[in-house]
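A short worksheet on the structure shown next.
Scope of the values below: all heavy atoms of this structure, side chains included, with no hydrogens, waters or symmetry mates. Worth saying up front: this structure is predicted, and the values here are computed from it rather than measured. Residue numbers start at 1 and run along the sequence shown.
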Amino acid sequence: MRPLLAAADPVLAKLDRFGPLPEADRALLRAITADSRWVTAPSDLIRQDEPADGAFLVLDGFACRYKLRKTGMRQITAYLIPGDICGLDAAALAWSDHAVGTLSACRVARLAPEAIELLLASRSLAAALQMSRRIDAAVARAWLVSVGRRSAIERLAHLFCELHVRMRAVGLVSEDGFPLPITQIDLADTTGLTSVHVNRSLQDMRREGLIELRKRRLRILDLPRLRALAEFDPAYLQLIGRDAA
């Protein structure tokens, strides 16, 4: 599968938004991300109920945090796109309460415990990573509201609006479209719907002229109407004043 072609350095593109990083910190991030590898899908980077083998930076592709029930049913709790970091907390624990897996081919850089210590020793990097964690928590709250209080079509509309903002922040949006290399089953496991219900809702959105979803690429045809449908306010993503509005 072809890479998503994110910004040349999506980690810097993301963390720089929380305050310009000193050149020493930028050099440290470049050194860490230079040692990257491609991982096929589906593959687990972190396994549920097992020790985490460090943290990971996602440089290309789509990954997710998820929980598995004993029945094998999966709930996706977060999407990880280029520039995102996962496993910082899990790496410090005896075991991880969730899994992190790839949804597409992903290029990742592993952060060994000593690399994590180097990152957190920098005041500016530690502050940027803390802001990133706060945004992760805000996204989790938005997703909880979707599952509990939004209709099926509103859940998908809100998710697509959120991804549009996040993908644009790392240079992955062109002509109001962006790669979406996930399946309808993935969307079902994200929104708490059945895959049949997801399919029906996507068809409704197409008929309404809101989106076009072809060849694993989502194009938003009417962003104002999609945002109105979802009651989407991007403030929780902390990108207001840059290019998110």
Side-chain angles (χ1 to χ4, degrees), residues 3-19 29 33 45 55-66 76-88 100-109 128-147 150 154-182 186-187 189-191 210-211 213 216-221 223-224 226-227 229-245:
L4 298 186
L5 302 177
D9 197 329
V11 178
L12 278 175
K14 177 179 179 179
L15 295 183
D16 238 9
R17 289 176 172 270
F18 308 139
L29 283 172
T33 57
L45 303 174
F56 292 88
L57 292 167
V58 179
L59 305 177
D60 272 293
F62 254 64
C64 70
R65 294 187 185 95
Y66 70 95
I76 293 176
T77 61
Y79 286 146
L80 301 166
I81 67 169
D84 287 344
I85 186 170
C86 60
L88 274 180
V100 175
T102 58
L103 296 172
S104 74
C106 286
R107 184 167 62 94
V108 301
L129 291 171
Q130 182 62 30
M131 178 61 76
S132 180
R133 285 169 164 170
R134 289 172 180 165
I135 294 171
D136 288 346
V139 169
R141 288 189 290 271
W143 284 29
L144 179 61
V145 172
S146 282
V147 171
R150 291 188 176 107
E154 288 169 347
R155 294 179 204 186
L156 290 168
H158 196 277
L159 177 63
F160 293 160
C161 288
E162 177 186 290
L163 286 173
H164 181 262
V165 172
R166 292 175 60 196
M167 297 286 273
R168 184 164 62 182
V170 290
L172 280 168
V173 170
S174 61
E175 298 179 354
D176 277 327
F178 53 87
L180 192 64
I182 60 178
D186 295 330
L187 287 172
D189 288 351
T190 300
T191 56
L210 295 171
I211 65 164
L213 186 56
R216 296 196 165 196
R217 180 176 178 82
L218 176 70
R219 185 179 173 212
I220 298 177
L221 302 177
L223 184 58
L226 194 69
R227 285 188 168 188
L229 172 64
E231 296 181 349
F232 179 75
D233 180 352
Y236 69 100
L237 296 172
Q238 299 294 322
L239 298 174
I240 296 298
R242 301 298 177 101
D243 61 1

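- Counting only heavy atoms from C-beta outward, the side chains of L88 and R133 approach each other to under 4.5 Å.
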Practice problem: Just do the side-chain contact (heavy atoms from CB on, under 4.5 Å) check on V58 and I81 with the steps written out, would you? | Solution: CA-CA 6 Å; V58 179; I81 67 169; over 6 Å; no
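- Looking only at distances, no side-chain donor or acceptor of R227 sits under 3.5 Å from a matching main-chain atom of F232.
- A donor-acceptor pair is defined here as one N or O able to donate and one able to accept, closer than 3.5 Å; no such pair exists between the side chain of R150 and the backbone of R155.
- Taking the side chain as every heavy atom from C-beta outward, M167 and P179 approach each other to under 4.5 Å.
- Within the 4.5 Å cutoff, no side-chain heavy atoms of M131 are placed close to those of L15.
- A side chain to side chain contact (heavy atoms under 4.5 Å, CB included) with T190 is found for exactly one of I182, L159, L156, T77, namely L159.
- Here the side chain of D16 pairs no donor or acceptor atom with the backbone of A13 at under 3.5 angstrom.
- At least one donor-acceptor pair under 3.5 Å links the side chain of S104 to the backbone N or O of F62.
- D233 CG to E162 CD: the interatomic distance, rounded to the nearest 0.5 Å, is 12.0 Å.
- Heavy-atom contacts from other residues, nucleotides or ligands closer than 6.0 Å to CD of E231 number 12 or fewer.
- The heavy-atom pair separating L80 from R166 by the smallest distance is CA-NH2, 4.4 Å.
- Atom CG of residue L172 and atom NE2 of residue H164 lie 11.5 Å apart, to the nearest 0.5 angstrom.
- Looking at every heavy atom in both residues, D186 comes nearest to Y79 through O-OH, 3.9 Å.
- The minimum heavy-atom distance between L57 and V11, with the atom names listed, is CD2-CG2, 4.1 Å.
- Nearest heavy-atom pair across D60 and P82 is CA-CG, 3.8 Å.
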Quiz prompt | Steps toward side-chain contact (heavy atoms from CB on, under 4.5 Å) verdict (F160, L187) | solution = CA-CA 11 Å; F160 293 160; L187 287 172; 4.3 Å; yes
Practice problem: Assess whether side-chain contact (heavy atoms from CB on, under 4.5 Å) is satisfied between F178 and V170, documenting all intermediate values. | Solution: CA-CA 11 Å; F178 53 87; V170 290; over 6 Å; no
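- Of the inter-residue distances, the one linking C64 atom SG with D84 atom CG reads 12.0 Å to the nearest 0.5 angstrom.
- Across all their heavy atoms, R65 and I85 have their closest contact at NH2-O, 3.4 Å.
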Exercise. Step by step, work out the side-chain contact (heavy atoms from CB on, under 4.5 Å) result for I135 and F18.
Key: CA-CA 11 Å; I135 294 171; F18 308 139; 3.5 Å; yes
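- Atom CG of D9 sits about 7.5 Å away from atom CG of L59, to the nearest 0.5 Å.
- Between the CG atom of D176 and the CZ atom of R168 there is a distance of 7.5 Å, given to the nearest 0.5 Å.
- For the residue pair L221 and I211, the shortest heavy atom distance occurs at CD1-O, 3.6 Å.
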